[in-house]
Visitor: 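I'd like to ask some things about the structure below.
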Amino acid sequence: MSEIPKAYEPQAVEEKWYQFWLDQKCFVADPARVNEKRPAYSIVIPPPNVTGVLHMGHVLNNTIQDILARKARMDGKEVLWLPGTDHAGIATEGLVSKQIWKEEKKSKRDIGREEFIKRVWKWKEKHGGIIISQLKKLGCSCDWTRERFTMDADYLRNVQRVFVDLYKKGLIYRGKRMVNWCPATQTALSDEEVIMKEQKASLYYFKVEVAESPLTPSFSPSGGEGARRAGEGDSPPGGPVTDAEGHVWLTIATTRPETIPGDTAVAVNPKDKRYAHLIGKHVLRPLPSELPREQKLIPIIGDEHVDFEFGTGVLKVTPAHDKADFEIGQRHKLPTIDIMNPNATMNALAGKTLAGLDRFEARIAAVELLRELNALEKEEPYVNNVGFSERADVPIEPRLSEQWFLKYPSVDKARACVEQEDDSVGRASSRAACAQDSSSTASPSQKMRFFPQRWARVYGHWLANIQDWCISRQLWWGHRIPVWRKRVRLTEANSTEELLKWGWDDFVKGNWEKDANKNPDELTFIRIFRVTDGKEVDPKAESLMPIVRETEGDYEIFAATLSSKLAKNLEACGFTHDADVLDTWFSAWLWPFATMGWPERTGTLKKFYPTTDLVTAPEIIFFWVARMIMAGYEYMGEMPFKNVYFTGIIRDKLGRKMSKSLGNSPDPLDLIGKYGADAVRFGVMRSAPLGQDVLFDEQQVELGRNFCNKLWNACRFRQMVGSAGSSIEGEIDPALLTSDDKWILLRLDQSIRELTTALAEYKFNEAAQTLYRFFWSEYCDWYLEASKAVLSRPASETSSSPLTGERAGLEGKNVPGQAGATPPHPGPSDVELRNSPTANLLPLPARNERGEGRGEGNLQQKHSSSPRPSPP
RNA sequence: GGGCGAUUGGCGCAGUGGUAGCGCAGCAGCUUUACACGCUGUGGGUCGGGGGUUCGAAUCCCUCAUCGCCCACCA
């Protein structure tokens with residue numbers, strides 16, 4: 001206790017205490033300890049990608065969670081902060097593929113599925129834990145004994161269980177649809193994985209000839225003269241052009257001339273007077289130019305979707321390569337011509353010049369071809385929005401393919417559970433008011449709350465316009481879809497035998513739904529589709545079993561099952577396992593309960609679900625938050641969390657988003673090395689106002705470091721003047737308190753209140769400010785300075801005062817210095833303060849019954865909070 | 001094209017009807033025996049523009065502007 005370094009040296013102190021807490025199992029949650037006096041508090045970490053490396057966003061996010069967790073521990077709650085990582089399908093697969101390519105010049109296909117997955121696991125074992133160790137460096141007080149991974153055996157099982165269940169419920173279906181196809185990773189993506197980017201492109205105008213021209217004499221081209229302004233249905237100038245020989249030409253504007261070979265119609269708006277008379281006629285598609293005339297004919301159709309104003313008012317329709325065009329195609333029963341390969345090179349249908357070219361090369365080539373054909377009229381620069389694959393950062397290609405889709409479950413409940421602005425007034429600050437508000441139908445206390453609340457509307461809006469979720473991915477790393485399929489010809493003669501071979505005695509007897517409750521691990525569901533019309537067949541209703549002559553034919557059988565025995569059997573009978581894996585979010589959406597032992601009703605689940613707070617970034621509100629809420633209702637019958645705090649986005653001090661390419665994203669570990677984790681955390685918290693982006697500036701961290709140093713030195717001072725620590729444990733005699741003492745105690749009390757309120761409202765920057773102000777300006781600048789004067793006098797009867805103040809300060813703040821400089825006392829505890837006379841001397845904060853109001857200290861340091869070595 | 005935020009001294013923020021606050025930075029002094037990662041003192045803003053309501057507006061209403069997000073099938 002004698003040699004205290006003059007300046008705070010965070011590394012040694014932080015490591016020492018973190019290890020101490022781990023040794024003492026301070027972060028381990030035990031559901032058995034939860035009772036009325038010791039309520040549960042829980043958070044599940046937003047699992048970072050296994051490929052992840054700690055960045056400032058993680059720092060922000062996890063510091064907030066840590067503060068909440070430590071605060072809850074100080075309030076005497078049993079705290080579970082459950083950590084883990086996400087297998088991050090596309091990201092991980094891409095990373096390992098790249099590595100293998102670099103080292104062995106082999107693609108994943110060269111290596112083969114099984115071996116590839118082995119390699120990914122190997123990679124995961126070696127590098128996957130990095131972010132976890134980094135979170136520990138940051139000081140996160142997670143219960144590391146419960147670390148989970150979305151590919152753990154039991155988690156995998158849960159994912160499959162949910163899949164089979166939803167399949168059985170009819171919410172999962174297979175469909176041939178337009179999907180977002182990533183040509184780089186060659187998989188489908190959900191809408192949420194596509195980000196729009198502005199692209200400088202060109203708008204190409206090319207002309208096509210109307211096949212039926214010259215037209216009958218009654219036709220008079222409208223050419224754009226006679227500008228009648230008023231009235232509905234007025235068309236802009238322009239329109240078909242008739243040449244000297246009477247041939248009529250249409251001009252079409254497009255950004256994607258390379259898709260012309262895939263055009264199967266040309267569309268105009270039926271209300272467009274310039275073109276309406278041409279509907280039903282045909283044009284000659286210019287590409288591929290080598291085709292005979294009759295194969296170039298495509299119809300002119302009328303569709304409301306076409307905008308008069310845009311381009312020339314004539315739209316080329318490419319149903320195989322554009323979402324909107326696909327829909328037009330559906331409406332008009334147009335054929336589709338897929339002219340691309342999965343890697344977005346052109347295939348033979350694109351014509352001999354384009355075949356084999358990449359789509360962007362093909363664009364240039366197509367323009368060239370049009371020019372040669374004399375069909376290109378002009379080219380103008382144009383800026384449009386192009387969807388990019390979020391992961392691979394290449395333009396996605398709308399592509400027609402067969403995928404698995406999910407109709408979201410429990411949507412209504414998910415919508416209703418989130419409190420909207422008009423649900424109740426004056427909330428967070430006055431919880432009492434909430435309880436009395438009986439005007440709203442749903443009980444406000446039952447509602448989930450978003451902070452800041454405006455996200456609730458965004459959430460509601462998305463749910464109201466929700467589209468089915470494409471959940472299959474053409475990847476290898478992930479949860480494989482537990483479906484086996486086979487096409488069989490069923491005849492009266494073979495059917496019974498065939499099915500018996502599969503081991504489905506029950507099915508043969510007509511029991512098509514095995515009782516899942518009897519053995520959940522056998523959960524199985526079969527769907528049968530008639531090949532001729534694609535319709536699903538109800539085997540019971542249509543007496544497929546036994547089969548009768550009228551129902552003989554080809555059937556596609558899908559068996560979704562959890563039973564590995566059955567799966568083996570099916571494979572032996574020629575069934576093939578679906579090759580796709582599930583979207584990563586299809587596992588992540590189960591996170592809050594799948595990590596807690598579900599489907600067992602474990603003690604953990606009983607005590608810690610629903611979780612208390614979720615802290616996450618707003619960019620994954622749809623990806624993750626919304627889906628977790630739905631899954632929560634569907635499988636737990638309850639919301640997965642009570643409060644959701646949306647952090648801001650970390651930006652640099654110029655307000656730019658942090659990104660690798662800009663190089664403006666500091667490495668948090670460098671910062672931790674330089675200033676200490678507490679400094680980094682404090683710095684980030686100081687600039688993290690609720691609902692606003694965080695403008696990060698290293699200067700803030702410096703400030704945090706200074707603050708830690710201030711705390712450290714206040715302790716040093718106390719050690720130097722104190723009489724060997726005798727009084728820190730002793731009673732305070734109210735009679736000895738000076739007015740200074742009383743003042744600082746009062747300020748302490750007020751600060752604690754402010755801090756508690758700030759934290760209850762998730763105003764972390766205000767909490768940080770309060771700490772800073774109290775400790776620095778009031779305690780150090782005022783009170784310690786004042787005490788110096790007192791100390792310089794004969795010490796006898798005044799000796800208690802600085803100590804009291806010191807103690808108050810420490811207890812308010814939980815100083816790192818204290819932790820480091822004194823023997824492994826678990827840090828000054830709030831319990832101590834609560835039991836001390838100090839508490840009785842002051843107008844106490846209006847504490848709620850749970851004893852909130854004492855524990856603010858965790859704000860900046862992990863040192864600070866809570867290490868109570870053993871449970872009470 | 002819709003929706004949502006933001007706009008207060010150089011920077012980051014607070015302030016929701018009564019004559020503008022905090023921190024940082026700045027500047028000027030300080031080797032004052034806890035801390036120069038410090039101490040003391042100090043300058044600096046017509047609260048984005050315009051209009052309105054009011055005795056009175058940063059604060060309420062309208063409008064415009066700039067910046068930023070999110071959603072949307074305009075080729």
Side-chain angles (χ1 to χ4, degrees), chain A residues 4-10 178 191-192 195-196 201 203-205 252-257 259 263 266-267 269 305-318 321-328 382 384-385 387 398 452 454-462 464-465 467 618-619 621-622 648-649 651 653-657 675-676 679 683 686-697 699-722 763 765-766 768-770 772-773 776-777 780-781 784-785 787-788 791-792 802 806 817:
Chain A
I4 306 175
K6 194 168 172 181
Y8 175 53
E9 292 157 10
M178 217 53 184
D191 294 342
E192 286 71 26
I195 46 171
M196 300 308 279
L203 195 56
Y204 302 93
Y205 291 79
I252 303 174
T254 181
T255 53
R256 301 204 62 189
T259 64
D263 291 353
V266 161
N269 194 307
H305 168 261
V306 181
D307 182 345
F308 296 29
E309 307 281 335
F310 191 88
T312 59
V314 185
L315 172 69
K316 70 194 253 322
V317 183
T318 326
H321 297 282
D322 184 279
K323 232 176 192 169
D325 289 5
F326 177 72
E327 281 161 27
I328 295 176
Y382 182 66
N384 63 343
N385 282 327
R454 67 189 144 84
W455 291 108
R457 221 174 320 155
V458 176
Y459 166 88
H461 187 258
W462 184 76
N465 298 287
Q467 303 281 317
E619 51 260 53
I621 185 169
F622 309 134
I649 293 168
R651 299 172 175 281
K653 60 177 167 182
L654 300 175
R656 299 173 305 182
K657 218 167 170 173
Y675 299 103
R686 247 183 79 91
S687 38
L690 175 68
Q692 271 166 252
D693 288 350
V694 180
L695 296 191
F696 177 80
D697 186 350
Q699 204 186 322
Q700 293 287 343
V701 176
E702 212 174 310
L703 203 112
R705 190 262 323 258
N706 296 352
F707 185 55
C708 291
N709 189 59
K710 191 76 178 171
L711 293 168
W712 177 266
N713 276 292
C715 293
R716 251 180 107 228
F717 175 72
R718 192 228 153 272
Q719 295 267 344
M720 288 167 91
V721 302
K763 293 180 176 169
N765 64 326
E766 283 179 26
Q769 290 280 22
T770 301
Y772 190 91
R773 191 215 61 227
W776 199 306
S777 311
C780 290
D781 290 353
L784 278 194
E785 291 307 319
S787 76
K788 284 179 186 172
L791 284 166
S792 63
E806 175 69 7

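The analysis underlying the following values was restricted to heavy atoms, covering all of them including side chains, and did not include hydrogens, waters or symmetry mates. Chain naming here is simple, since letters A, B, ... match the order of the sequence lines and numbering starts at 1 in each.
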Visitor: Can you tell me the distance, in whole Å, between the CZ atom of R457(A) and the P atom of rG5(B)?
Guide: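 The distance from CZ of R457(A) to P of rG5(B) comes to 6 Å, rounded to the nearest Å.
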Visitor: Once you round it to whole Å, what is the distance between C1' of rC69(B) and CD1 of I649(A)?
Guide: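 Value for this atom pair: 7 Å.
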Visitor: Given rC70(B), rG5(B), rA34(B), identify the nucleotide with an atom nearest to the side chain of F717(A).
Guide: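 Looking only at heavy atoms from C-beta outward on F717(A), the closest nucleotide is rA34(B).
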Visitor: Dot-bracket for RNA chain B: what is it, with Watson-Crick or G-U pairs under 3.5 Å, [ ] where a pair crosses earlier ones, and | for a pair to another strand?
Guide: ((((((((.[[[[.)..(..]]]].(((((.......))))).....[[[[[..)....]]]]])))))))....
Visitor: Produce the list of close N/O pairs, under 3.5 Å, pairing protein atoms with atoms of nucleotides 38-40 of chain B; give distances to one decimal.
Guide:
from	atom 1	to	atom 2	distance (Å)
rG38(B)	OP1	N706(A)	ND2	3.2
rG38(B)	O3'	K710(A)	NZ	3.2
rC39(B)	OP1	K710(A)	NZ	2.8
rC39(B)	OP1	W776(A)	NE1	2.7
rC39(B)	OP1	D781(A)	OD1	3.3

Visitor: Roughly how far apart are L703(A) CG and Y675(A) OH, rounded to 0.5 Å?
Guide: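 Here the rounded value is 11.0 Å.
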Visitor: Can you name the ring-ring contact (aromatic ring centres under 6.0 Å, His included) partners of Y204(A), sequence neighbours left out?
Guide: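 Applying ring-ring contact (aromatic ring centres under 6.0 Å, His included) to Y204(A) gives none.
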Visitor: Stepwise, does the side-chain contact (heavy atoms from CB on, under 4.5 Å) test hold for R256(A) with D322(A)?
Guide: CA-CA 10 Å; R256(A) 301 204 62 189; D322(A) 184 279; over 6 Å; no
Visitor: Between rA75(B) and rG5(B), how far apart are the two P atoms, rounded to whole Å?
Guide: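 The answer is 28 Å between these two P atoms.
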Visitor: Figure out the CD/P separation between Q700(A) and rG23(B), and round it to whole Å.
Guide: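 Going from Q700(A) (CD) to rG23(B) (P), I get 14 Å.
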Visitor: Atom CD of Q699(A) and atom C1' of rA25(B): how far apart are they, to the nearest Å?
Guide: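 To the nearest whole Å, that distance equals 6 Å.
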Visitor: I'd like the P distance from rA36(B) over to rU42(B), given in whole Å.
Guide: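 Nearest-Å result for rU42(B) against rA36(B) at atom P: 24 Å.
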Visitor: Examine the base of rC37(B) for any acceptor or donor lying under 3.5 Å from a partner atom in the side chain of R705(A), and report the outcome as yes or no.
Guide: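 Indeed there is one.
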Visitor: Can you find a pair of side-chain heavy atoms, one from T259(A) and one from K316(A), that are under 4.5 Å apart?
Guide: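 Yes. Closest side-chain heavy atoms under 4.5 Å.
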Visitor: Check for me whether the distance between the ring centres of W455(A) and Y459(A) falls short of 6.0 Å.
Guide: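 That pair fails the under 6.0 Å test.
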Visitor: Among all residues two or more places apart in sequence or in another chain, which pass the salt bridge (charged side-chain N to carboxylate O under 4.0 Å, His left out) test with K323(A)?
Guide: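 D191(A).
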Visitor: Between R773(A) (CZ) and rG23(B) (C1'), how many Å, whole number?
Guide: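 About 12 Å, once rounded to whole Å.
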Visitor: Using the rule given for side-chain contact (heavy atoms from CB on, under 4.5 Å), can you reason through L315(A) versus D325(A), listing the C-alpha separation, both sets of side-chain angles and the distance that settles it, and then say yes or no?
Guide: CA-CA 9 Å; L315(A) 172 69; D325(A) 289 5; 4.2 Å; yes
Visitor: Between atom NE2 in H461(A) and atom P in rC4(B), what is the gap in whole Å?
Guide: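 After rounding, the reported distance stands at 10 Å.
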Visitor: All N/O contacts under 3.5 Å from nucleotides 73-75 of chain B to the protein, with atom names and distances to one decimal?
Guide:
from	atom 1	to	atom 2	distance (Å)
rC73(B)	O2	H305(A)	NE2	2.5
rC74(B)	O2	D307(A)	OD2	2.6
rC74(B)	N3	D307(A)	OD2	2.8
rA75(B)	OP2	Y382(A)	OH	3.0
rA75(B)	O3'	T255(A)	OG1	3.4
rA75(B)	N6	D307(A)	O	2.8
rA75(B)	N6	F310(A)	O	3.0
rA75(B)	N1	D307(A)	N	3.3

Visitor: Using atom C1' in both nucleotides, what's the gap between rU16(B) and rC47(B) to the nearest angstrom?
Guide: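 Result for the C1' pair: 13 Å, nearest Å.
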Visitor: Mind checking the C1' distance from rG23(B) to rU59(B)? Whole angstroms is fine.
Guide: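 The answer is 23 Å between these two C1' atoms.
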Visitor: Whole Å only: how far is the CD atom of E619(A) from the C1' atom of rC4(B)?
Guide: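 About 16 Å, once rounded to whole Å.
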Visitor: Got N706(A) and W776(A) here, is their nearest side-chain heavy-atom distance under 4.5 Å?
Guide: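 N706(A) vs W776(A): side chains touch.
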Visitor: By ring-ring contact (aromatic ring centres under 6.0 Å, His included), which residues pair with F326(A), not counting sequence neighbours?
Guide: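 Listed in chain order: nothing, the list is empty.
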Visitor: Quote, to the nearest angstrom, the C1' distance that separates rG21(B) from rC30(B).
Guide: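 Those two atoms are separated by 28 Å.
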Visitor: Check the distance between rA34(B)'s P and W712(A)'s CH2 and give it to me in whole angstrom.
Guide: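 Those two atoms, CH2 and P, are 16 Å apart.
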Visitor: Starting at CG of D781(A), measure out to NZ of K710(A) and round the result to the nearest 0.5 Å.
Guide: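 Result: 5.5 Å between the selected atoms.
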Visitor: Between rG51(B) and rC13(B), how far apart are the P atoms? Round to whole Å, please.
Guide: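 29 Å, rounded to whole Å.
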Visitor: So what does Y772(A) touch, heavy atoms closer than 4.0 Å: a base, only the sugar-phosphate, or nothing?
Guide: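 Sugar-phosphate contact only.
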Visitor: Run the numbers on I252(A) and V266(A) for side-chain contact (heavy atoms from CB on, under 4.5 Å), then give the verdict.
Guide: CA-CA 9 Å; I252(A) 303 174; V266(A) 161; 3.8 Å; yes
Visitor: Which value, in whole Å, describes the distance between the C1' atoms of nucleotides rA34(B) and rA20(B)?
Guide: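 Each nucleotide's C1' atom is 36 Å from the other's.
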Visitor: Quick one: sort the F310(A) and Y382(A) rings into parallel, tilted or perpendicular, breaks at 30° and 60°.
Guide: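 Judged by the thresholds at 30° and 60°, the geometry between F310(A) and Y382(A) is perpendicular.
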Visitor: From the options rC71(B), rC35(B), rG23(B), select the nucleotide whose nearest atom is closest to the side chain of F622(A).
Guide: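 The answer is rC71(B).
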Visitor: Taking the same atom, P, in rG50(B) and in rA58(B), what whole-Å distance lies between them?
Guide: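 Their P atoms lie roughly 12 Å apart.
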